[in-house]
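Here is the structure we will look at, set down as structure tokens.
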There are 2 protein chains.
Amino acid sequence: MTVPPEAEREGVGDVARLRSIPEASVARLALYLRTLGELSEQGAETVSSDELAAVTGVNPAKLRKDLSFIGSYGIRGVGYEVRPLVHQLEQSLGLNHRQAVALVGVGNLGHALAGYGGFDGRGFPVTALFDVDPDLVGIHINGILVEHVREIPRIAAERGVTIGMIATPGPAAQAVCDLLVSAGVQCILTFAPVVLQVPADVEVRKVDLAVELQILAFHVARRNLDHPGVTTGTTNGHALVNGAADNRTVNGSGGIHS
Amino acid sequence: MTVPPEAEREGVGDVARLRSIPEASVARLALYLRTLGELSEQGAETVSSDELAAVTGVNPAKLRKDLSFIGSYGIRGVGYEVRPLVHQLEQSLGLNHRQAVALVGVGNLGHALAGYGGFDGRGFPVTALFDVDPDLVGIHINGILVEHVREIPRIAAERGVTIGMIATPGPAAQAVCDLLVSAGVQCILTFAPVVLQVPADVEVRKVDLAVELQILAFHVARRNLDHPGVTTGTTNGHALVNGAADNRTVNGSGGIHS
DNA sequence: GCAACTTTGTGCGTGCGTTCACAAGCGGCT
DNA sequence: AGCCGCTTGTGAACGCACGCACAAAGTTGC
């Protein structure tokens with residue numbers, strides 16, 4: 001009569017499936033793909049969920065459920081055929097064609113990112129570099145000319161950039177982000193320690209290196225509470241710090257806490 | 001009804017509280033701390049949870065709950081006093097004394113990390129650099145001598161290193177990790193695209209740049225399924241995606257787990 | 001001093017993500 | 001050919017995290 005319930009499976013194909021993949025699973029699927037690539041180089045034909053889970057450090061059941069989101073390509077009693085699975089993962093993750101990347105900010109971090117081979121080798125060629133520093137605009141990095149950020153709208157559109165990376169200082173990030181968005185970039189990876197305001201249809205991922213270290217520092221502190229006196233730790237008292245050579249300088253020297 | 005508030009509050013102190021802070025909250029606490037530092041520079045004395053939540057892109061209730069994990073230092077009807085809150089956050093996150101960082105691998109990415117000011121400025125001085133490349137061992141970066149990785153156990157212990165950063169190629173990462181662990185390092189931040197095997201008492205956080213891009217590529221692919229034919233560059237996007245529009249925040253703030 | 005307003009702190013319902021456990025399916029062995 | 005063992009795929013329970021909504025507590029104005 002109305003909706004044939006069986007038709008959900010075949011006809012819809014990947015479209016409906018992709019939209020329903022949980023965000024956490026997407027991150028792991030990318031991890032599986034890289035690991036499978038290494039296994040493939042080592043000549044593996046098939047791999048079981050237990051093996052792949054052990055290598056990637058993931059629960060086997062979770063891995064199987066993740067793979068089920070992109071369709072069932074495993075063989076019961078055997079495992080997964082590596083090559084077909086790699087192909088399916090690449091297609092589901094949108095890696096079947098290369099994604100041009102624009103990198104804004106070629107200072108300390110950006111310069112390294114521009115030369116990082118891990119991007120180009122995985123289908124993300126950095127095709128445009130931008131900065132505002134007159135000393136940087138005009139130079140070549142890895143054979144790519146650094147252009148002025150004001151050229152972002154034109155060049156990004158010309159070269160079909162789909163992903164933008166922001167490696168500028170924090171204060172400049174929002175303006176750069178706006179330029180990228182105006183150029184039609186819908187996905188942005190930022191290293192700037194600010195919250196970017198973007199339209200709802202633009203996806204932003206943030207990598208905050210200082211926050212990563214602070215999270216680790218928290219674990220150090222927690223351990224020292226458990227095992228005091230292990231290393232250089234002293235708990236209370238005048239352990240004050242964090243302030244001197246800093247652009248933040250936020251040590252309130254008032255003892256509010258006994 | 002009268003609530004007996006004379007509960008178990010003072011005696012527990014921070015020890016029990018720290019252990020119970022959810023991992024996701026710890027990541028956000030670090031974010032609040034940085035934002036508060038900026039607000040403090042701008043002369044703010046107090047800040048309400050709504051204001052701070054707006055700047056950091058977090059739900060106000062979630063923010064208040066996060067802060068409640070480290071103790072209640074807000075004033076009802078007013079907000080939070082910035083300086084005491086900063087101090088409390090620093091103490092809870094273990095930032096009241098500097099954490100020496102060792103960086104292994106001063107190639108492309110590592111070189112940038114060594115010169116990145118964001119670490120030293122936030123209480124994480126990079127105090128030791130290591131590599132295996134004879135062309136790199138012996139040079140100075142930011143005034144720090146690059147030593148051979150075989151010196152890791154001795155130098156890391158000497159300089160009280162508590163955090164290790166690994167920016168080596170993937171194949172070398174595990175060996176470097178073992179050296180750091182043998183030197184007593186309990187927290188490791190790795191950029192190598194491999195799963196590190198460590199003892200249970202060592203904390204590892206992984207930042208995988210290629211995976212980050214692949215996650216973004218997935219979102220590009222998903223959008224292209226919605227709008228086939230829309231390549232890029234169509235400047236004015238009325239690209240309303242699906243009507244879903246769940247107010248999933250713009251900030252990924254993803255926890256990158258090991 | 002009292003009332004009205006503001007903001008914190010938190011109990012609770014809801015939804016997502018993870019994990020367990022098991023049925024279904026496939027290949028190899030006899 | 002048929003049985004056995006192995007592995008996938010998934011239903012269901014568990015746990016965590018998020019966000020709403022409200023009471024408690026403090027401030028401002030009269």
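Order of the sequence lines sets the chain letters (A, B, ...), proteins ahead of strands, with each chain counted from 1.
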Presence of A:Ser48 side-chain N/O under 4.0 Å of D:dT7 phosphate oxygens OP1/OP2: no
Nearest listed nucleotide, side chain of A:Ser68, among C:dG9, C:dT8, D:dT10: D:dT10
Side-chain ion pair, B:Glu23 and B:Arg205, N-O less than 4.0 Å: yes
Would you list the protein and nucleotides 28-30 of chain C atom pairs, both N or O, that sit under 3.5 Å from each other?
none

Phosphate OP1/OP2 of D:dG9: any A:Ser72 side-chain N/O under 4.0 Å: yes
A:Glu38 side-chain N/O to A:Thr35 backbone N/O, donor-acceptor pair under 3.5 Å: no
Length of the line joining A:Ile21:CD1 and C:dG17:C1', which is rounded to integer Å: 15 Å
pair A:Glu81-A:Ile75: side-chain heavy atoms closer than 4.5 Å: yes
Nucleotide C:dT7, atom C1' - distance to CG of B:Leu85 in whole Å: 15 Å
Interatomic distance where CG belongs to A:Leu63 and P belongs to C:dT19 [whole Å]: 12 Å
Under 4.0 angstrom between B:Tyr80 side-chain N/O and C:dG9 OP1 or OP2: yes
Test item: A:Met165 and B:Leu213 side chains (from C-beta on) under 4.5 Å apart, heavy atoms: yes
Phosphate OP1/OP2 of C:dT7 contacted by B:Ser49 side-chain N/O (<4.0 Å): no
Min side-chain heavy-atom separation A:Phe218-B:Leu95 under 4.5 Å: no
Heavy-atom pair with the smallest gap, counting every atom of A:Cys187 and B:Val220: SG-CG2, 3.5 Å
For atom OH of B:Tyr73 and atom P of C:dT10, their distance in whole Å: 13 Å
A:Lys62, nearest nucleotide to its side chain (from C:dC20, C:dT18, D:dT8): C:dT18
B:Gln174 side chain to B:Gln197 backbone, donor-acceptor under 3.5 Å: yes
Distance-only donor-acceptor test, A:Lys65 side-chain atoms vs C:dG17 base atoms, 3.5 Å: no
N/O-N/O pairs, protein side and nucleotides 23-25 of chain C side, under 3.5 Å:
| unit_1 | atom_1 | unit_2 | atom_2 | d |
| --- | --- | --- | --- | --- |
| C:dA24 | N3 | A:Arg76 | NH1 | 2.8 |

Over 12 non-hydrogen atoms of neighbours within 6.0 angstrom of NE2 in A:His97: yes
Side chain proximity check, A:Leu180 to A:Ile166, heavy atoms < 4.5 angstrom: yes
Separation of D:dG19 P from B:Asp66 CG (nearest whole Å): 10 Å
Short side-chain N/O contact to C:dG17 OP1/OP2 from A:Asn59, under 4.0 Å: no
Nucleotide of C:dT18, C:dT10, C:dT19 approaching A:Arg28 most closely (side-chain heavy atoms): C:dT18
Test side-chain contact (heavy atoms from CB on, under 4.5 Å) applied to A:Ser49 and A:Tyr80, step by step: CA-CA 8 Å; A:Ser49 65; A:Tyr80 298 87; 4.1 Å; yes
Spacing of B:Ile75 atom CD1 relative to D:dA25 atom P, expressed in whole Å: 15 Å
Value in whole Å for how far the C1' atom of D:dT8 lies from CG of A:Leu67: 10 Å
Value in whole Å for how far the P atom of D:dT8 lies from CD of A:Glu81: 12 Å
5' precedence on DNA chain C between A:Ala24 and B:Arg64 (nearest-nucleotide basis): B:Arg64
